[in-house]
Each structure stands twice: as structure tokens, then as C-alpha cells.
Amino acid sequence: MKLADIIQQVGGTVEGDDQIEITDASGLEHAAAGHITFIADNKYKDKLAACAASAVLVKAPMETDKVQVIHPAPQLAFAHILAAFHPEPRPAAGIDARAAVDETAKLGQNVTVSPFVSIGRDVSIGDNTVLYPGVVVHDGCRIGNDCILHANVVLYRGGIVGNGVILHSGVVVGADGFGYTPNEKGEHVKIMQVGRVVIEDNVEVGANTCIDRAAFGETVIRTGTKIDNQVQIAHNCDIGPHSILVSQVGLSGSCTLGHHVILAGQVGLADHVSLGNQVIIAAKAGVNKSIPDAGFYGGSPAVSGMTWKKYVTTLPKLPEMAQKLRELEKRLNAIENK
Amino acid sequence: MKLADIIQQVGGTVEGDDQIEITDASGLEHAAAGHITFIADNKYKDKLAACAASAVLVKAPMETDKVQVIHPAPQLAFAHILAAFHPEPRPAAGIDARAAVDETAKLGQNVTVSPFVSIGRDVSIGDNTVLYPGVVVHDGCRIGNDCILHANVVLYRGGIVGNGVILHSGVVVGADGFGYTPNEKGEHVKIMQVGRVVIEDNVEVGANTCIDRAAFGETVIRTGTKIDNQVQIAHNCDIGPHSILVSQVGLSGSCTLGHHVILAGQVGLADHVSLGNQVIIAAKAGVNKSIPDAGFYGGSPAVSGMTWKKYVTTLPKLPEMAQKLRELEKRLNAIENK
Amino acid sequence: MKLADIIQQVGGTVEGDDQIEITDASGLEHAAAGHITFIADNKYKDKLAACAASAVLVKAPMETDKVQVIHPAPQLAFAHILAAFHPEPRPAAGIDARAAVDETAKLGQNVTVSPFVSIGRDVSIGDNTVLYPGVVVHDGCRIGNDCILHANVVLYRGGIVGNGVILHSGVVVGADGFGYTPNEKGEHVKIMQVGRVVIEDNVEVGANTCIDRAAFGETVIRTGTKIDNQVQIAHNCDIGPHSILVSQVGLSGSCTLGHHVILAGQVGLADHVSLGNQVIIAAKAGVNKSIPDAGFYGGSPAVSGMTWKKYVTTLPKLPEMAQKLRELEKRLNAIENK
């Protein structure tokens with residue numbers, strides 16, 4: 001493709017020869033001659049100099065020998081170009097003879113059902129959706145259009161999945177929430193989990209993540225939210241739209257998140273914690289109380305990010321402080337005893 | 001069902017009309033007219049007022065317009081009623097022609113073997129047990145009666161599973177423990193893991209949880225213990241009966257837990273840690289020493305819960321304390337120099 | 001086997017009767033008469049006395065009634081003997097008729113393809129490799145000789161696996177890295193992940209661990225590295241050879257580890273963190289900056305192990321320190337006011 005043709009798609013203005021041939025899109029450290037790349041931050045200027053790319057998307061003109069494309073959102077433009085060069089590969093449509101599809105299932109146009117897929121009763125699957133090998137869709141599930149369920153994904157009964165959803169391998173949607181009540185012998189009696197999971201449009205869920213069905217009602221993952229690998233979402237959580245949950249995050253039951261919430265890696269939330277819109281939680285934090293206001297928080301239990309950063313910086317000096325305290329006390333004793 | 005008929009099953013005394021028709025059981029926030037609900041705590045009184053349920057299980061009589069059932073254990077009674085209205089659905093019994101079942105396998109009465117299930121040599125499976133699609137049961141495993149192995153569960157060779165056990169999707173039982181010893185070149189030489197896993201009766205294991213086989217002998221999960229999603233149990237652990245392990249807990253090798261131990265989310269135990277009966281560990285704690293006495297513990301390394309709560313409350317004041325310390329020292333210097 | 005024959009294989013000198021029959025190898029706590037065991041540490045002397053083993057591998061002669069084998073590396077010798085008594089069981093070679101193997105796949109000699117295995121286009125698999133039931137190998141993957149892919153392992157397209165690699169059940173190799181960029185509406189636009197995963201020789205990966213494909217280029221796990229269960233390795237990480245990653249460790253994108261790095265359980269690394277050779281990180285630590293020098297580190301954020309151990313020991317005294325500080329201030333006020 002000519003650079004000019006690409007720019008027509010994604011916008012931006014070219015400084016240099018817009019007739020050069022672009023053969024691929026690639027990151028700064030991997031781009032070769034003929035590639036287009038992007039630079040997100042001036043601090044990578046040296047990497048750009050060392051990079052063989054023929055063209056570069058930039059926010060503002062830079063000193064470089066490459067053809068520049070000035071664009072208000074270079075990384076976004078790059079993402080679109082990259083997707084054009086590397087569309088998600090998809091297997092041929094059709095139902096493999098080695099799949100087990102219940103006769104009541106309703107499949108849309110152009111659906112791929114791979115070998116060893118199981119589809120239960122009263123399931124509906126929208127157009128262009130791909131089910132890779134070993135996917136299990138239990139009774140009563142509804143899956144929208146343009147979804148990808150990677151190999152060995154499991155949807156327990158009654159799960160609802162919107163359009164454009166990607167579930168990576170090993171994702172488990174709708175397993176029972178963790179609910180028991182003790183009997184007189186101290187045994188844990190199971191509280192049947194009779195709710196379901198609803199995953200709205202354009203959600204992506206990483207490998208081996210678990211989203212439990214609600215005790216009653218729904219566990220909901222709202223539009224556009226992206227969840228990384230090995231995340232745990234307990235029963236009755238409601239994850240607001242366009243949020244980001246990084247790997248190994250764990251949410252206890254009935255947590256509520258606003259929109260554009262970000263939970264960094266290994267964060268944990270106690271049950272019934274509610275986080276407001278645009279709350280950002282630092283990696284490894286433990287949140288045991290609701291946080292209504294947008295902002296950055298960290299630590300365990302979580303406090304404001306500034307407070308947290310200050311005290312963790314002081315922590316290594318703690319033994320020295322204890323020592324100093326003993327010293328001051330001695331000196332004070334000496335003065336008082338005089 | 002008439003309320004009177006329900007009460008005959010679970011006990012309790014009715015205040016009001018016991019001839020009303022009950023159509024379902026549901027939580028306070030989800031109950032509709034015709035439903036029975038329960039109230040666990042007086043602090044939810046307002047929710048009860050707003051709830052459309054026709055009957056409510058309570059510990060002591062309350063002011064309410066609903067029919068009340070006075071019961072010494074309202075949540076337990078509710079759990080039984082809920083299970084009556086919502087029995088675990090089970091697929092038809094029988095061995096699907098698309099399963100791969102070794103001819104030496106011994107299956108009990110009324111067993112369900114779904115499509116794409118693999119059963120190895122010398123496996124025995126008890127009555128009424130359900131194996132959902134994609135379950136893999138390797139050679140020599142024994143599974144009891146009334147178990148549910150959800151889709152894509154894997155049992156490595158020689159695993160023992162009792163009666164009434166529920167394993168959720170993606171559970172891996174009996175993978176090799178993590179054992180190596182270095183050779184002269186600094187390579188890690190595998191120590192073959194020749195033990196097995198034993199899961200006793202009425203254990204439930206959450207999605208994508210891993211229980212490793214023992215190096216020698218057995219990794220044991222004892223009767224009635226409930227394990228949440230994404231928990232890691234290393235080789236040779238012995239988890240006492242009726243314990244609760246919340247999501248993302250990690251146990252290193254050879255940990256021993258008493259009965260009724262509770263590990264909250266994301267807790268980690270160092271190897272060979274032993275926890276006594278009724279020990280409770282707060283979320284995110286790291287336990288590096290054995291704790292013999294019942295009680296509540298928190299922090300990393302874990303200390304008594306009271307100590308932990310006090311110091312985490314003080315943590316945000318640490319920078320201010322350091323500042324104050326410097327100030328006091330200066331003032332002391334000034335006095336001494338006088 | 002006679003002890004003498006065993007010693008001929010693994011080395012060492014016998015004190016006592018080298019003609020005794022050895023029937024198995026087992027750990028100190030599990031060994032029975034006829035077994036050979038080993039003792040790694042003098043602190044287990046009492047256990048040795050209580051152990052019924054007939055022979056014991058030791059580093060230096062001890063007082064014991066058992067036949068002793070003096071060996072410079074008793075545990076290593078033991079590992080070899082154990083493997084001789086307990087070779088990894090392997091199913092018969094051959095391609096099961098119930099597997100779905102693309103006609104373009106190239107399989108070596110003596111390969112086992114179990115029921116319900118899926119193998120995509122242009123896949124190559126080396127000699128003696130075993131694929132257990134439910135394994136999914138997508139298009140373009142290359143797997144070496146003598147590998148074991150346990151049940152339900154998934155390799156996304158283009159994954160490269162060396163020789164002698166063991167992947168435990170539920171491992172997901174090559175799922176998309178977690179990369180998005182916001183558009184003008186605040187939606188997260190996916191950045192296609194076009195790189196791949198390379199796993200070098202003799203790597204072992206624990207159950208339900210995830211290794212994401214690179215955004216560009218490669219995510220690499222180098223020779224001899226051992227990874228435990230439920231570990232998360234994000235896109236573009238480069239894990240040096242002979243490293244140890246314990247369960248529930250999480251690595252953010254583009255982390256680089258040297259050789260013989262050890263990450264204990266539940267450790268987290270921020271993105272682009274680089275750890276030098278032989279860096280050891282304590283359990284639960286959070287590393288937010290690169291650490292070039294070998295040594296032991298702990299805490300979150302991680303600091304030198306000695307510093308960390310000192311301050312966590314002081315932590316429980318923090319409330320008392322705050323109290324003391326207030327007291328000293330009062331006394332100082334009193335002196336100053338005099």
C-alpha cells in the first residue's frame with residue numbers, strides 16, 4: 001500500500017514522500033525498511049533514530065530522516081493501520097462434523113463451530129462468531145455477532161454474551177459463586193447460585209479468567225471493558241464500561257465499578273466495595289472500602305496515591321526511626337534527670 | 001408450594017398466613033411477590049421494607065407487612081428452600097458415543113459421560129456422577145458417587161475423589177508438584193512427583209484452581225472444605241475439613257491446615273506452614289510461620305489481627321512521624337547545646 | 001535392583017552392604033524397608049532414625065543403622081534414582097482416530113495424539129512428543145522432540161516449543177497480549193498482537209499458567225526455566241535460562257530476567273522491569289524498578305532483602321512508636337516551657 005492510501009483511511013498529514021510503499025506496521029524496536037511505526041513519547045527519540053522504519057506517525061514534527069505523518073493520535077492511527085495489515089485470522093465458517101451441537105441451537109450466518117465444541121439446548125449464536133476447538137456452551141446461553149471464543153472456553157448455562165466479545169482460552173464464565181452457610185454441625189451448606197453472567201459488547205477477557213454467575217440476578221461486565229489473564233470476578237459484581245482490569249486482579253462478591261476504572265495487576269477488592277468512575281488503583285493494592293471519587297489510590301488498605309507513595313518511601317527508614325526514638329528518649333531522660 | 005409445606009421441611013414457626021403460595025426463593029434485592037426471602041442482619045431492615053417478597057425468614061420477629069417465618073438459622077433454612085426450587089440441573093445419564101472411555105473403566109449407575117470426555121484405564125466412577133464435556137480422567141483415578149466434574153476439568157493419573165464433590169471448569173487435580181534439584185551445571189533436574197491427590201467427600205473446588213499431586217504420599221483436601229476459583233495448592237498440602245479457601249489463595253508445599261480454617265482472598269502461605277483449627281487469615285496476608293492457635297491474623301508477614309490492624313492504620317502517618325522525629329531531635333539538640 | 005548397580009549409575013561410595021536389594025526410592029517420611037532415601041540436611045537426623053529405608057544417600061557419613069551412600073550431591077543422585085524407578089508414564093504412540101489433525105501437519109516418529117486433540121495447518125511436532133486429550137495446537141506452531149503437552153493445553157498460532165518441554169494442563173501459550181489505545185470516545189481500541197511465543201528446551205510450565213504472545217517480536221522463555229502453576233507472563237517478556245518462577249507470579253509487559261533468577265510466590269513485576277542474573281525476589285514482593293545486581297530483595301516496592309526484613313520486623317511496633325513520639329514531644333514541651 002502507498003502511504004497516501006493509508007493516510008486516507010486514518011487521517012493525518014504527511015511530511016515527505018507520501019507515495020512510498022508501506023509493507024507493514026511495526027513497533028519502534030521491530031520495524032524494518034518499508035514499515036510504518038509510531039512514536040508515543042519524545043523519550044524514545046533515540047530508538048527512532050536507530051529504527052529502520054520508512055515512515056513514522058508523530059504528534060508533532062520531529063527531526064528524523066523518515067517520512068513523518070503528523071496525527072493528533074499517533075498510537076490510535078497506528079492501531080488501525082496495524083489491524084489492516086494483520087486482520088485477526090479466522091477459520092472457515094461451518095459446523096465441523098466432530099462438534100456436538102444440540103438440535104435446538106440457533107446459529108447465525110457464517111458461524112465457525114470447530115471440532116470438539118459442545119453446544120447445549122436453546123443456545124443462540126450470532127453471525128460471524130467463531131468457536132475454537134473445545135469450547136463448551138451450556139444450555140440457554142446467548143452469544144452475539146462477531147465474537148471469538150478461543151479454545152477451551154466454558155460458558156455455564158444461561159450466560160449472555162454481546163457482540164464483538166473476545167474470550168481467550170480457558171476463560172470460565174458462569175461457574176457458581178462462592179456462597180455457603182454453616183449448619184449446626186459446622187458444615188458449609190451450598191447456597192445455590194441461580195443468577196447469571198452478562199457480558200456486554202466489545203468486552204475482551206484474558207486467558208484463564210473466571211467470571212462467576214450471580215447468586216441472584218446478574219454479574220455484569222459492561223461495554224468495552226477489557227480484562228486481562230487470570231482475573232477473578234466474583235458473584236454479583238458489576239464492572240462499569242470501558243474499564244481495565246489487569247492480570248491477577250481479584251474482586252470479591254458484589255463489587256461495583258464505575259466507567260473507566262483501572263485496576264492494576266494483583267489488586268484485590270473486598271466484597272461490596274464500590275469504586276467511582278475513573279478510579280485508578282495501583283498494583284497489589286487491597287481495597288477494603290468504597291472509593292467514590294476519581295483519582296489514584298494505592299496500598300493495602302488502599303489510601304490516596306500520594307499518601308501511599310510517601311509512606312512506602314519512608315518504610316525502609318523505619319528501623320532507623322525506631323533507633324532514633326530510643327536515642328531521643330535516653331537523651332530526654334538524661335535532661336530530665338539533671 | 002404452600003408456605004406451610006415448606007416450613008414442614010425446614011422448620012420454623014409462621015407469623016401470618018401459612019397458606020400463601022410460594023413460587024420461588026430469592027435474595028432481598030431480587031425477591032418478587034410470591035417469593036420467600038431471608039434477612040441475616042437487622043441492618044438490612046430498610047431493604048426488607050423495599051422488597052416485594054411475600055414471606056421472610058427471620059431469627060426474631062420484626063415489624064414487617066410480610067408473613068414471617070421465625071427460624072433459628074434463617075439463612076440455612078433459606079439455602080434448603082432455594083435448593084428445592086432450584087435443584088442443580090443435570091444432563092441425562094448415559095455415555096455419549098463421542099466420549100473416549102477405556103474398556104477397563106467401571107462406571108456406576110446413572111452416570112453421565114458427555115461428548116469429548118476421556119476416561120483412562122482402571123478408572124472407577126460412582127453412581128449419579130456427571131462428567132461434562134471435555135473432562136479428562138487419567139488412568140487409575142477413582143471418583144465417588146454424586147460428583148459433578150464441570151467442563152474441561154482434568155484429573156491426572158491416580159487421583160482419588162470422594163462422594164458429593166464438585167469440581168468447576170478448568171480445575172486441574174494432580175499436576176506435578178514443583179520440585180527440582182540443581183545439577184553441577186546449574187540446571188534444574190526434575191524430582192519425579194510420585195504421590196497423588198485425595199479429595200474427600202463434599203468438597204467443592206472453584207474454576208481454574210490447581211491441586212498438585214504429592215512428591216510422595218498424598219496431597220489431601222479433607223471433608224467439606226470449599227475452595228474458590230484460581231487457588232493454588234502445592235504438593236503435600238493437607239487441608240483440614242470444613243475449611244474455606246477464598247479466590248487466588250496460594251499454598252506452598254507441605255502446608256497443613258486444621259479444621260474450619262479460613263483463608264481470605266490472595267493469601268499466601270510459605271512452605272511447611274501449619275495452621276491450627278479455626279485460624280482465620282485476612283485477605284492478602286503472607287504467612288511465613290506456623291500459627292497453632294485459633295484466631296484472626298493479618299499482614300505480611302502475618303501477625304495477630306489486632307496488631308496488624310493497628311499498624312496499618314498508623315502507616316499513612318509514617319512520613320509525618322519521620323518529620324516530627326527530625327523536629328524533636330533539633331529541639332533536643334537546641335536544649336543540649338544551651 | 002542391587003544397591004551396587006544403582007551406585008554404578010549415579011556415583012557415590014557405599015558404607016555397608018552394597019548387595020542389598022533396593023525396590024524403590026522415597027522421601028524420608030514415606031520410605032519403607034527396601035527403599036533408598038536421602039538426607040539433605042542434618043536437621044532431619046531424627047526423621048532418618050524413624051525412617052524404615054534400607055539405604056540413605058548422604059553428603060558425609062552419619063551415625064545410622066542404614067546402608068549409607070556417600071555422594072557429593074545426595075538429592076541430585078536421589079532424583080536420578082527416583083526417575084529410574086518412576087519413569088514418566090506415557091501412552092502408546094499413534095494418532096487417535098478421534099483427533100482432528102490437519103493434513104498439512106508433520107508429525108515425527110513415535111508421537112502420541114490423543115482423542116479430541118486439534119492440530120491446525122502447517123504444524124510440526126517432533127519425535128516422541130505426547131499430546132494428551134483436548135490439547136489444541138493452532139496453525140503454524142512448531143513443537144520439538146520429547147515434549148509432553150498435558151490435557152487441554154492450548155497453543156495459539158505460531159507458537160514455538162523446543163525439545164523436552166512439559167506443559168501442564170490448562171496452560172495457554174500465545175493468547176493476545178493486553179494492549180489497547182484509547183480513541184476520542186474513550187473506548188479502548190485493540191492493538192493487534194502480531195508477535196509470537198518461543199519456549200526453549202527443557203522448560204516446564206505449571207497448570208493454568210499463561211504466556212502471552214508478543215505485541216511484536218517474541219515473548220521468550222529460555223532454556224531450562226521452570227514455571228509453576230497460575231503464573232502470568234505478559235507480552236514481550238524475556239525470561240532468562242534456568243530461572244524459577246513460583247506459583248501466582250505476575251509479570252507485566254516487556255520484563256527481562258537474567259539467568260538463574262528466582263521469583264517466589266505471588267511476586268509482581270511492573271512493566272519493563274529488568275532483573276539481573278541470580279536476582280532472588282521474596283514472596284509477595286512488588287518490583288517497580290529494575291534490579292541489575294544479584295542478591296535477595298523483598299517488599300513492595302522491593303528493596304534489599306536485609307532492609308525489607310528489618311522494616312517488616314519493626315512494623316508491628318509502629319503504633320507504639322507513634323505513641324512514644326507523642327509522649328516525647330509532651331516531655332520536650334514541658335522542658336521547653338520551664
Side-chain angles (χ1 to χ4, degrees), chain A residues 26-27 29-31 73 75-76 78-80 82-83 85-89 91 96 98 114-116 132-134 150-152 166 168-170 202 204 206-208 224-226 228-230 242 244 246-248 259-260 265-266 283-284 312 315-319 321-322 325 328-329 332 335-336, chain C residues 98 100 116 118 134 136 138-139 152 154 156-157 170 172 175-176 178 180-184 186-192 194-195 208-210 212 215-217 230 232 234 248 250 252 266 268 270 284 286 288 299-301 303 307-308 310-311 313-315 317-318 321 324-325 328 331-332 335:
Chain A
S26 195
E29 294 179 9
H30 295 90
Q75 194 172 10
L76 180 62
F78 177 80
H80 288 308
L82 182 65
F85 278 109
H86 298 273
E88 176 74 25
D96 191 280
R98 291 157 294 193
S114 304
F116 320 129
Y132 280 105
H150 283 278
N152 293 344
I166 302 172
H168 284 282
S169 286
N202 302 319
E204 183 163 1
N208 286 341
T225 280
K226 310 297 182 182
D228 202 351
N229 301 341
Q230 298 176 346
H242 309 298
I244 295 276
V246 177
S247 183
Q248 298 181 331
H259 66 75
H260 292 93
Q266 300 184 334
K284 281 190 167 285
V312 296
L315 270 177
K317 298 170 198 153
L318 190 54
M321 283 171 64
L325 202 52
L328 293 193
E329 187 174 27
L332 206 48
I335 293 170
E336 289 172 339
Chain C
R98 290 158 294 192
F116 320 128
S118 293
V136 179
H138 283 290
D139 296 354
N152 293 344
V154 177
Y156 279 56
R157 66 181 189 283
V172 179
D176 287 345
F178 196 63
Y180 306 91
T181 188
N183 69 10
E184 62 286 354
E187 298 163 345
H188 304 293
V189 175
K190 186 174 175 70
I191 300 172
M192 298 303 288
V194 305
N208 285 341
T209 281
C210 302
D212 280 353
F216 305 99
Q230 298 175 346
Q232 152 70 358
Q248 298 180 331
S252 305
Q266 299 182 334
K284 281 189 168 286
N288 63 355
S300 183
V303 291
T307 301
W308 167 64
K310 268 193 205 159
Y311 86 66
T313 314
T314 316
L315 271 177
K317 299 171 198 153
L318 191 55
M321 283 171 62
K324 177 64 74 182
L325 203 51
L328 293 194
R331 288 163 58 184
L332 207 48
I335 294 170

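Numbers restart at 1 for each chain; the letters A, B, ... are given by sequence-line order, proteins then strands.
- Using a 4.5 Å cut-off between heavy atoms, C:K317 does not touch chain A at all.
- Within the 4.5 angstrom heavy-atom criterion, only backbone atoms of A:P87 (N, CA, C, O) approach chain C.
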So A:E204 and C:F178, side-chain contact (heavy atoms from CB on, under 4.5 Å) or not? Walk me through it.
CA-CA 9 Å; A:E204 183 163 1; C:F178 196 63; over 6 Å; no
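- Closest non-hydrogen pair, A:Q230 versus C:N208, comes out as NE2-O, 3.0 Å.
- If you tally non-hydrogen atom pairs under 4.5 Å between each of A:G206, A:G27, A:A31 and chain C, the highest count goes to A:G27.
- With a threshold of 4.5 angstrom between heavy atoms, C:D176 approaches chain A through its backbone and through its side chain.
- Counting heavy-atom pairs closer than 4.5 Å to chain A, the top residue among C:P182, C:C210, C:A175 is C:C210.
- A distance of 8.5 Å separates CG in C:L332 from CG in A:L328, rounded to the nearest 0.5 Å.
- Rounded to the nearest 0.5 Å, atoms CG (A:N202) and CD (C:E187) are 7.5 Å apart.
- Note on A:S247, A:G134, A:G170, A:P115: by heavy-atom pairs under 4.5 Å with chain C, the leading option is A:S247.
- With a 4.5 angstrom heavy-atom cutoff, C:S300 touches chain A via backbone and side-chain atoms both.
- Listed for the A:K226 side chain is no donor-acceptor partner under 3.5 Å among the backbone atoms of C:V189.
- When all heavy atoms are compared, the tightest approach of A:S169 to C:V154 is OG-CG1, 3.4 Å.
- The side-chain contact (heavy atoms from CB on, under 4.5 Å) test applied to A:Q75 returns A:F38, C:T181, C:I191, not counting sequence neighbours.
- Only the side chain of C:L318 comes within less than 4.5 Å of a heavy atom in chain A; its backbone stays farther off.
- C:T314 and A:A322 make their closest contact through CG2-CB, 4.0 Å (heavy atoms, listed as atom of the first residue, atom of the second, distance).
- For the residue pair C:H138/A:Y132, the side-chain donor-acceptor check at 3.5 Å is not satisfied.
- Residue with the most contacts toward chain A among C:G268, C:P301, C:A270, C:G286: C:G268 (heavy-atom pairs, distance under 4.5 Å).
- Both the backbone and the side chain of A:E329 come within less than 4.5 Å of a heavy atom of chain C.
- In terms of modelled atom types and a separation under 3.5 Å, the side chain of C:H188 and the main chain of A:G224 share no donor-acceptor contact.
- For the atom pair CD of C:Q266 and CD of A:Q266, the computed distance is 7.5 Å after rounding to the nearest 0.5 Å.
- Of the two parts of A:A283, neither the backbone nor the side chain holds a non-hydrogen atom closer than 4.5 Å to a non-hydrogen atom of chain C.
- Only the side chain of A:H30 comes within contact range of chain C, judged by heavy atoms closer than 4.5 Å.
- With a 4.5 angstrom heavy-atom cutoff, A:H86 touches chain C via backbone and side-chain atoms both.
- If you measure heavy-atom distances from C:A100 to chain A, the contacts under 4.5 Å come from both the backbone and the side chain.
- A:A83 touches chain C through backbone and side chain together, each having a heavy atom under 4.5 Å away.
- Closest approach of C:N152 to A:N152, counting heavy atoms only: O-ND2, 3.2 Å.
- In terms of heavy atoms, A:H260 sits closest to C:G186 at NE2-O, 2.7 Å.
- Atom-to-atom distance recorded for A:L76:CG and C:Y180:OH is 15.0 Å, nearest 0.5 angstrom.
- Comparing A:A79, A:A73, A:P316 by heavy-atom pairs within less than 4.5 Å of chain C, the highest count is held by A:P316.
- Contacts of A:H259 classified as ring-ring contact (aromatic ring centres under 6.0 Å, His included), with partners at least two apart in sequence or in another chain: none.
- Side-chain contact between A:P89 and C:D139 is absent, with no heavy atoms from C-beta onward closer than 4.5 Å.
- Closest of all the heavy-atom pairs between A:Q248 and C:G250 is OE1-CA, 3.3 Å.
- Most heavy-atom pairs under 4.5 Å with chain C, from the set A:E29, A:M321, A:H80, A:K284: that is A:K284.
- Separating the OG1 atom in C:T209 from the CG atom in A:N229 is a distance of 10.5 Å, to the nearest 0.5 Å.
- The distance from the CE atom of C:M192 to the CD atom of A:E88 is 4.5 Å, given to the nearest 0.5 Å.
- Contacts between C:R98 and chain A at a heavy-atom distance below 4.5 Å involve the backbone alone (N, CA, C, O).
- With a 4.5 Å cut-off on non-hydrogen atoms, C:I335 touches chain A through its side chain but not through its backbone.
- Atom NZ of C:K310 is surrounded by 12 or fewer heavy atoms from other residues, nucleotides or ligands within 6.0 Å.
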